[in-house]
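Below: one structure in structure tokens.
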Amino acid sequence: MELLDLSRQLMRRCDELGKISEERGCLTRTFASPAMGRVNKLVGSWMRAARMQVRQDPAFNLLGRWNSPQRSAKTFLLGSHLDTVRDAGKYDGPLGVLTAIAAVQHLRQRGMALPFDVEIVGFSDEEGVRYQTAYLGSNAFAGTLKAVDLARIREKQIVKARCREKFLGYAEVHIEQGPVLEAKNLPVGIVTAIAGQSRIRVEFHGVAAHAGTVPMNLRHDALAGAAELVLAAEQCGVTATVGKLEVAPGTSNVIPGQAVLTLDVRHQNDSRRLAAVKSLHAKARSLARRRGLKLLWRPIQENGAVSCDKSLTQIFSQCVANRGLKVLQLPSGAGHDAVVLSKICPIAMLFVRCKSGISHNPAESIKAADARVAIEVLADFLTRVAAVCDRRPSP
Ligand code: GLV
Ligand code: MN
Ligand code: MN
């Protein structure tokens with residue numbers, strides 16, 4: 001199959017996966033859901049069609065392996081995630097898994113053999129929608145699950161997914177999810193580093209009471225307290241988002257007695273992120289005191305910023321330059337499975353242009369021509385990594 005056909009096939013496959021959802025009328029696929037089971041089955045069949053050996057591990061990660069003809073070869077990992085946010089777009093995650101399959105198809109059709117095995121992983125939980133803990137799949141795979149995360153979930157068997165192999169590296173293709181590549185008129189870009197993030201659950205408890213009888217200065221309105229924190233997050237100097245806010249009892253004629261919200265704080269510089277979290281916590285404490293609210297501040301997850309590997313990033317740059325394209329290196333504000341994989345091997349990432357920079361939204365869109373560039377660059381990347389491995393003296 002020519003590259004053009006491979007990219008068309010990839011786009012059709014993204015469309016197909018975009019229809020597999022656990023919610024009617026929108027795309028939502030969370031960790032360990034029946035929808036994820038269906039997706040793993042379908043993507044597994046595409047891996048098999050690419051003559052890969054397929055398995056699902058105890059953490060619901062889908063793995064497809066292309067074995068090297070060389071005996072006792074090491075393994076290079078490719079992949080991304082197959083779970084989604086609620087009401088998602090169809091490229092965030094699946095694009096990386098399907099580009100990897102297409103790159104393997106492309107190399108195999110040309111009779112290439114690599115001096116390492118290639119393992120493609122479709123990780124099961126990058127978004128953290130189900131339990132508010134991102135990266136369950138990749139953490140289980142890397143053996144870096146934290147006890148607090150495990151305590152929060154029902155599927156305790158995921159610890160058995162730990163993979164003890166030593167990997168040569170991990171490369172992930174991902175939709176950019178921002179507007180930079182489009183503004184620069186480039187199909188792909190190379191990621192330098194991934195911002196660190198803190199996720200916190202915040203609860204304000206006040207007093208639910210009659211909306212018509214309690215004077216304004218005698219209220220303990222949990223939602224008004226939460227609203228102050230939302231505005232403080234907007235002004236805190238780093239990237240911060242309140243993405244979910246639940247108000248109880250949630251009736252027009254009752255003063256809100258309880259407000260529960262999620263706070264997501266990010267920055268490439270860990271000290272700046274941690275300082276912002278500290279000042280938001282102080283703000284929440286002082287406004288709760290002033291308003292007579294009880295505050296519960298529960299840190300849910302914390303990931304430091306990570307840098308991509310310089311040599312692998314350099315190889316991606318060569319592949320892009322080789323296509324006559326300008327090489328653009330850019331940081332990622334979004335989290336990726338590569339963050340976790342960086343704990344066990346060198347990582348690199350390639351971004352694909354995203355229409356209007358919109359992601360985590362059903363309007364997410366990419367061009368088939370850009371997918372074609374990504375397939376070509378990833379296939380070239382593998383052959384260049386192979387050339388470096390071949391030049392290394394054997395141990
Ligand atoms: C993943 O999409 C994240 O950055 O939250
Ligand atoms: Mn996402
Ligand atoms: Mn993603």
Side-chain angles (χ1 to χ4, degrees), residues 14 17-18 21 26-31 36 39 43 61-62 78-100 120-139 149 170-181 189 191 193-201 233 238-244 262-268 273 300-306 308 330-342 347-355 357-366 371 374:
C14 287
L17 297 188
S21 173
C26 71
L27 172 58
T28 305
R29 217 163 42 229
T30 58
F31 172 70
M36 172 157 290
V39 157
V43 177
N61 297 313
L62 178 71
L78 303 176
S80 194
H81 57 101
L82 292 172
D83 69 317
T84 73
V85 289
R86 290 196 70 194
D87 199 10
K90 57 192 171 198
Y91 301 101
D92 174 4
L95 177 66
V97 180
L98 299 180
T99 306
I120 300 177
V121 194
F123 290 107
S124 59
D125 179 60
E126 188 269 352
E127 305 286 6
V129 171
R130 173 111 178 261
Y131 293 112
Q132 298 304 308
T133 53
Y135 308 134
L136 280 180
S138 43
N139 269 316
D149 288 343
Y170 171 74
E172 178 166 354
V173 173
H174 203 284
I175 184 170
E176 181 203 343
Q177 308 186 274
V180 177
L181 291 172
V191 179
I194 305 169
Q197 59 174 283
S198 307
R199 291 192 186 192
I200 300 140
R201 176 185 159 97
V238 305
T239 308
T241 308
V242 173
K244 187 172 173 187
T262 60
L263 182 60
D264 175 311
V265 184
R266 306 186 187 207
H267 201 272
Q268 272 168 262
R273 171 176 51 87
I300 300 289
Q301 202 168 41
E302 173 95 36
N303 286 292
V306 305
C308 292
L330 70 172
S332 171
H336 300 288
D337 294 294
V339 168
V340 173
L341 274 294
S342 74
I347 58 154
M349 285 195 72
L350 183 76
F351 271 172
V352 177
R353 170 165 47 190
C354 167
K355 183 161 185 251
I358 292 185
S359 180
H360 283 184
N361 183 317
E364 196 173 81
S365 173
I366 66 160

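FYI, side chains are in, hydrogens and waters are out, and symmetry mates aren't considered; it's all heavy atoms of this structure. No experiment lies behind these values; they were computed from the predicted model shown. For ligands, and for the atoms within them, numbers begin at 1 and follow the listed sequence.
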Check: E302 main-chain N/O paired with S198 side-chain donor or acceptor under 3.5 Å: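 Side chain of S198 to backbone of E302: no pair is present.
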G333 N/O under 3.5 Å from ligand 1 N/O: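 Looking only at distances, the answer is no, because the N/O contact criterion of under 3.5 Å is not met.
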Output field: ring centroids F351/H336 closer than 6.0 Å: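 For F351 and H336, the ring centres are under 6.0 Å apart.
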Pick from Q197, H360, R266: the one approaching atom 5 (O) of ligand 1 most closely through a non-hydrogen atom: R266
Enumerated ligand 1 atoms positioned under 4.0 Å from heavy atoms of E126: 1 (C), 2 (O)
Heavy-atom closest contact (D83 atom, S124 atom, distance): CB-O, 3.3 Å
Atoms of ligand 1, numbered as shown, that sit under 4.0 Å from any heavy atom of A334: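 By the 4.0 Å cutoff, the relevant atoms are 4 (O).
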Numbered atoms of ligand 1 (with element) below 4.0 Å of E127, judged on heavy atoms: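 Answer for ligand 1: 1 (C), 2 (O).
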Gap between atom CG of L27 and atom CZ of R86 - 0.5 Å precision: 11.5 Å
Reference residue Y170; test side-chain contact (heavy atoms from CB on, under 4.5 Å); the match among D337, V340, V121: D337
Proximity to ligand 1 by part of H336, non-hydrogen separation under 4.0 Å: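 No part of H336 comes within reach of ligand 1.
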Check: R29 side chain, L17 main-chain N or O, donor-acceptor pair, under 3.5 Å: yes
Location of contacts on R199 toward ligand 1, heavy atoms closer than 4.0 Å: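 Within the 4.0 Å criterion, R199 contacts ligand 1 through side-chain atoms alone.
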Under 4.0 Å to a heavy atom of G335 - the qualifying atoms of ligand 1, by number: 1 (C), 3 (C), 4 (O)
Rounded distance (nearest 0.5 Å) linking atom CD1 of I175 with atom OG1 of T99: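 Rounded to the nearest 0.5 Å, the CD1-OG1 separation comes out at 10.5 Å.
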Atoms of protein origin (N, O or S) under 2.8 Å from the Mn ion (ligand 3):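 Near the Mn ion (ligand 3), the protein supplies H81 NE2, D92 OD1, H174 NE2.
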Nearest-0.5 Å distance that lies between atom CE in M349 and atom OG in S342: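 Here the interatomic distance stands at 11.5 Å.
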Within-cut-off N or O pair, D92 and ligand 1, under 3.5 Å: no
Heavy-atom closest pair, residues D92 and Q177: OD2-NE2, 3.1 Å
Short side-chain donor-acceptor distance under 3.5 Å, S80 and E172: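 Looking only at side-chain atoms, S80 and E172 do form a donor-acceptor pair, the distance falling under 3.5 Å.
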